[in-house]
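Here is the structure we will look at.
Quick note: residue numbers are just sequence positions, from 1.
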Amino acid sequence: MQPGSKRIASFSKETLISIKKEGKVYLFVQNNSDTEKSYECIEAGKTVATATIPSKSVAVIVY
């Protein structure tokens, strides 16, 4: 994390950390499964980002 970044709440076991800086959210997710997974980021009841993460990988979703 860089100075000025703030950690925000997350309710997923697969989310490593989520931070907010300069109006953007950086969501670090991990997929330990043997198949790719689709992720949907929901904020205030609205889908704000979607991504498909390959198996056995870590990714950053920025929105």
Side-chain angles (χ1 to χ4, degrees):
M1 290 181 59
Q2 296 180 356
S5 299
K6 304 231 187 266
R7 183 169 182 173
I8 55 177
S10 175
F11 301 101
S12 172
K13 292 179 181 179
E14 295 170 333
T15 301
L16 300 177
I17 190 170
S18 54
I19 58 174
K20 187 170 188 173
K21 182 176 182 183
E22 298 174 355
K24 290 191 178 188
V25 174
Y26 297 79
L27 181 65
F28 296 78
V29 293
Q30 181 174 358
N31 179 2
N32 286 327
S33 72
D34 292 328
T35 59
E36 67 180 21
K37 280 190 168 185
S38 294
Y39 288 84
E40 184 175 50
C41 303
I42 300 172
E43 187 175 308
K46 181 181 176 184
T47 299
V48 293
T50 59
T52 301
I53 310 301
S55 64
K56 307 289 183 190
S57 66
V58 176
V60 179
I61 301 168
V62 180
Y63 63 92

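Annotation: side chain to side chain donor-acceptor pair (under 3.5 Å) contacts of S33 (sequence neighbours excluded): N31. Every residue two or more places apart in sequence or in another chain that forms a side chain to side chain donor-acceptor pair (under 3.5 Å) with T47 is listed here: E40.
The two residues E43 and Y63 make their nearest non-hydrogen contact at OE1-CE1, 3.4 Å.
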Distance-only donor-acceptor pairs under 3.5 Å for side chains of residues 54-62, two or more places apart:
from, atom 1, to, atom 2, distance (Å)
K56, NZ, N32, O, 2.8
K56, NZ, D34, OD1, 3.3
S57, OG, P54, O, 2.6

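Looking at V29 and I53, their side chains come closer than 4.5 Å, going by heavy atoms from C-beta outward.
Linking Ile, Leu, Val, Met, Phe, Trp and Tyr whenever their side-chain heavy atoms come within less than 4.5 Å leaves V48 and I42 in two separate clusters.
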C41/T50 under side chain to side chain contact (heavy atoms under 4.5 Å, CB included): CA gap, chis, key distance, verdict: CA-CA 6 Å; C41 303; T50 59; over 6 Å; no
